**Q** 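Got a structure for you, written out below as structure tokens; questions coming shortly.
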Amino acid sequence: MWMYYAQGIKAVIEKAETSLNAALCTFINECRKVDDPEAPELLNYYATGLAKLAVKNGLQVTIDTMDCPQALIQPVQMDYSRLELPRPKYGFPWERETEESGENQMALQYSTKRLDKELEQENVDSRIAIYQKSLDRSLLWLEKAIQEHKHDQLIEECLGLRSSHFQIADWLFASGEEHSKVKRHYYLAALASAQAYRLVRAGFPHDMREWAGPYNFKKNNLNFTKDAILANDLELALSIAGEDTVERLLILEEYEKAQKILPQDPAAIGEETALCCWAIAHQDQSVFNDALKERIKMLRRQGSHMVTVLDSWGLALIQLARRRGMTCDLNVAELPWKRLDDEPTDTTGLRFPFEAELREIIREKEAKD
């Protein structure tokens, strides 16, 4: 899919109208194939933006669809003269008073550290509030799916709970919250992942996709085990990791077995997290550092449309590396790895909601099968 988007960019650079229009049409068709049929994309931002860029560069774009309309492609001069700029809570920078003393003018001496800290905390609080609302919605939808016997929605809602919990944990971790509190949210995320995996293994349907094909749980297992690893609950991590995955062997510290199922040459591995797993299995600190560095570079390149405040995947890999006697040479904001510890999570009062109901649903399905 993204290959056609790249072809469109190349066509804009080369001013090739025919190639551009063909690439745009193919890209939109491929995007539609991976759309959720119940909630399709009403506007393809990537295609529309690329088409608009092409028009600004003097190319003629012929496409005109609901998700990439000519009305948004054609550049129009906007009049913003009547637009009222919302006043920031702490005022505009140019409103800061100055002191005049004789012939000299000096800017008022002040520090923004307190204001920066307050704004940062407001941002964290607002983000967590958003994820908390998402968490509450997922709970309601999971309860509704159970009550209305909509078993095809169970996995999706469990993963929705998992996503909300680990994103809350990520923001708390990034903001410097006490680590014991952070680990409780990672633990709850892991419980949701474990429940989703039970449903997957029991054969319940789901609509998870990977690009245009079915979701590869084995290949993407670290997406789910990472939360249990960061919660320091290895038993829970093993319940998610599957029987024949690299991360299961790393969790069990069976490094020689992991080496046997991994490629001998690390150069044959193109994905950063898989390369980190290779480095842990072989206890190769240099390869581990380089792979993490490339991963952070990749995440930062995505920052224009998806900012990463904390890389919990990378932190989980570092936690596995620490168990191998390794460390991390990176000092970046996305990986505050020195705050990791080996203390078990305090799970007092933590449980997965509707666990008994879901266990009964699984038992009934297995009895029928």
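All values below were derived from every heavy atom in this structure, side-chain atoms included, with hydrogens, water molecules and symmetry-related copies excluded. Keep in mind that this is a model prediction, so the values were computed, not measured. For reference, positions follow the sequence shown, starting with 1.
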**Q** Answer yes or no: is there a donor N or O on one side and an acceptor on the other, between the side chain of Lys226 and the main chain of Ser312, under 3.5 Å?
**A**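 Absent.
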**Q** With distance as the sole test, does Arg324 use its side chain to make a donor-acceptor pair with the main-chain N or O of Ile280 at under 3.5 Å?
**A**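 It does hold such a pair.
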**Q** Do Phe288 and Met298 land in one hydrophobic cluster if side-chain heavy atoms of ILVMFWY residues count as linked below 4.5 Å?
**A**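 Shared cluster, yes.
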**Q** When you measure from the side chain of Trp337 to the backbone N and O of Ile318, does any donor-acceptor pair fall under 3.5 Å?
**A**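 Pair absent, no side-chain N/O of Trp337 close to backbone of Ile318.
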**Q** With sequence neighbours excluded, tell me which residues meet ring pair (Phe, Tyr, Trp, His ring centres under 6.0 Å) with Phe173.
**A**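 So Phe173 forms a ring pair (Phe, Tyr, Trp, His ring centres under 6.0 Å) with His179.
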**Q** Would Gln70 and Gln74 satisfy side-chain hydrogen bond (donor to acceptor under 3.5 Å, both in side chains), going step by step from the backbone distance to the final call?
**A** CA-CA 6 Å; Gln70 281 286 326; Gln74 297 301 323; 2.7 Å; yes
**Q** Looking at Lys33 and Glu30, does any basic side-chain N land under 4.0 Å from a carboxylate oxygen?
**A**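 The answer is yes: the pair qualifies as a salt bridge.
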**Q** Would you confirm whether Arg184, through its side chain, and Asp346, through its main-chain N or O, come within 3.5 Å as a donor-acceptor pair?
**A**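 Here the side-chain-to-backbone pair exists.
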**Q** Give the ring-plane orientation class for Trp2 versus Phe27, where under 30° counts as parallel, over 60° as perpendicular and anything between as tilted.
**A**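 Ring orientation, 0 to 90° scale: tilted.
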**Q** Below 4.0 angstrom, N of the basic side chain to O of the carboxylate: do Arg300 and Glu334 qualify?
**A**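 Glu334 and Arg300: salt-bridged.
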**Q** When clusters are formed by joining ILVMFWY residues with side-chain heavy atoms under 4.5 Å apart, either directly or through shared neighbours, do Tyr46 and Leu53 land in the same one?
**A**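 No: no chain of side-chain contacts under 4.5 Å links Tyr46 to Leu53.
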**Q** Do you see a donor-acceptor pair shorter than 3.5 Å between the side chains of Asp67 and Thr65?
**A**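 Looking only at side-chain atoms, Thr65 and Asp67 do form a donor-acceptor pair, the distance falling under 3.5 Å.
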**Q** Can you check side-chain contact (heavy atoms from CB on, under 4.5 Å) on Asp233 and Tyr187, steps first, answer last?
**A** CA-CA 8 Å; Asp233 194 320; Tyr187 177 77; 3.4 Å; yes
**Q** In plain terms, say whether Asp329 and Lys293 are close enough for a salt bridge, that is, a side-chain N and a carboxylate O under 4.0 Å apart.
**A**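 Judged by the 4.0 Å cut-off on N to carboxylate O distance, Asp329 and Lys293 do not form a salt bridge.
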**Q** Is there a donor-acceptor pair under 3.5 Å between the side chain of Asn232 and the backbone N or O of Asp341?
**A**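 Pair found, side chain donor or acceptor close to backbone of Asp341.
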**Q** With the threshold set at 4.0 Å, does a side-chain nitrogen-carboxylate oxygen contact exist between Glu355 and Arg359?
**A**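 Salt bridge flag = yes for Arg359 with Glu355.
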**Q** For the pair Thr48 (side chain) and Tyr45 (backbone), establish whether a donor and an acceptor sit closer than 3.5 Å, ignoring hydrogens and angles.
**A**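 Between the backbone of Tyr45 and the side chain of Thr48 there is no qualifying donor-acceptor contact (under 3.5 Å).
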**Q** Could you walk me through whether Glu17 and Asn21 pass the side-chain hydrogen bond (donor to acceptor under 3.5 Å, both in side chains) check?
**A** CA-CA 6 Å; Glu17 286 185 356; Asn21 287 300; 5.5 Å; no
**Q** Using modelled atom types and a 3.5 Å cut-off, is there a donor and acceptor pairing between side-chain atoms of Glu294 and backbone atoms of Glu272?
**A**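 No, Glu294 side chain to Glu272 backbone: no donor-acceptor pair under 3.5 Å.
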**Q** Trp313 and Phe166: aromatic ring centres closer than 6.0 Å?
**A**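 Yes, they do, as the ring centres are separated by less than 6.0 Å.
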**Q** For a side-chain hydrogen bond (donor to acceptor under 3.5 Å, both in side chains) check, start with the C-alpha distance between Thr273 and Glu271, then their side-chain angles and the critical distance, and finish with the verdict.
**A** CA-CA 6 Å; Thr273 55; Glu271 202 272 324; 2.3 Å; yes
**Q** Under a 4.5 Å cut-off applied to non-hydrogen side-chain atoms, are Asp170 and Val182 in contact?
**A**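 They are not in side-chain contact.
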**Q** Got a donor-acceptor contact below 3.5 angstrom from the Arg323 side chain to the Ile251 backbone?
**A**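 At least one qualifying donor-acceptor pair exists.
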**Q** Measure the shortest side-chain to side-chain distance between Leu317 and Cys328 over non-hydrogen atoms and say whether it is less than 4.5 angstrom.
**A**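 Counting from C-beta outward, Leu317 and Cys328 never come under 4.5 Å.
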**Q** Is a side-chain N or O of Asp152 found less than 3.5 angstrom from the main chain of Pro205, in a donor-acceptor match?
**A**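 No; judged by distance alone, with no hydrogens or angles, the pair does not exist.
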**Q** Count I, L, V, M, F, W, Y as connected when their side-chain heavy atoms are under 4.5 Å apart, and connections chain through other members. Are Ile13 and Val61 then in the same cluster?
**A**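 Ile13 clusters together with Val61.
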**Q** Considering only NZ, NE, NH1 and NH2 on the basic side and carboxylate oxygens on the acidic side, decide whether Lys181 and Glu178 come within less than 4.0 Å.
**A**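 No, no charged N to carboxylate O under 4.0 Å.
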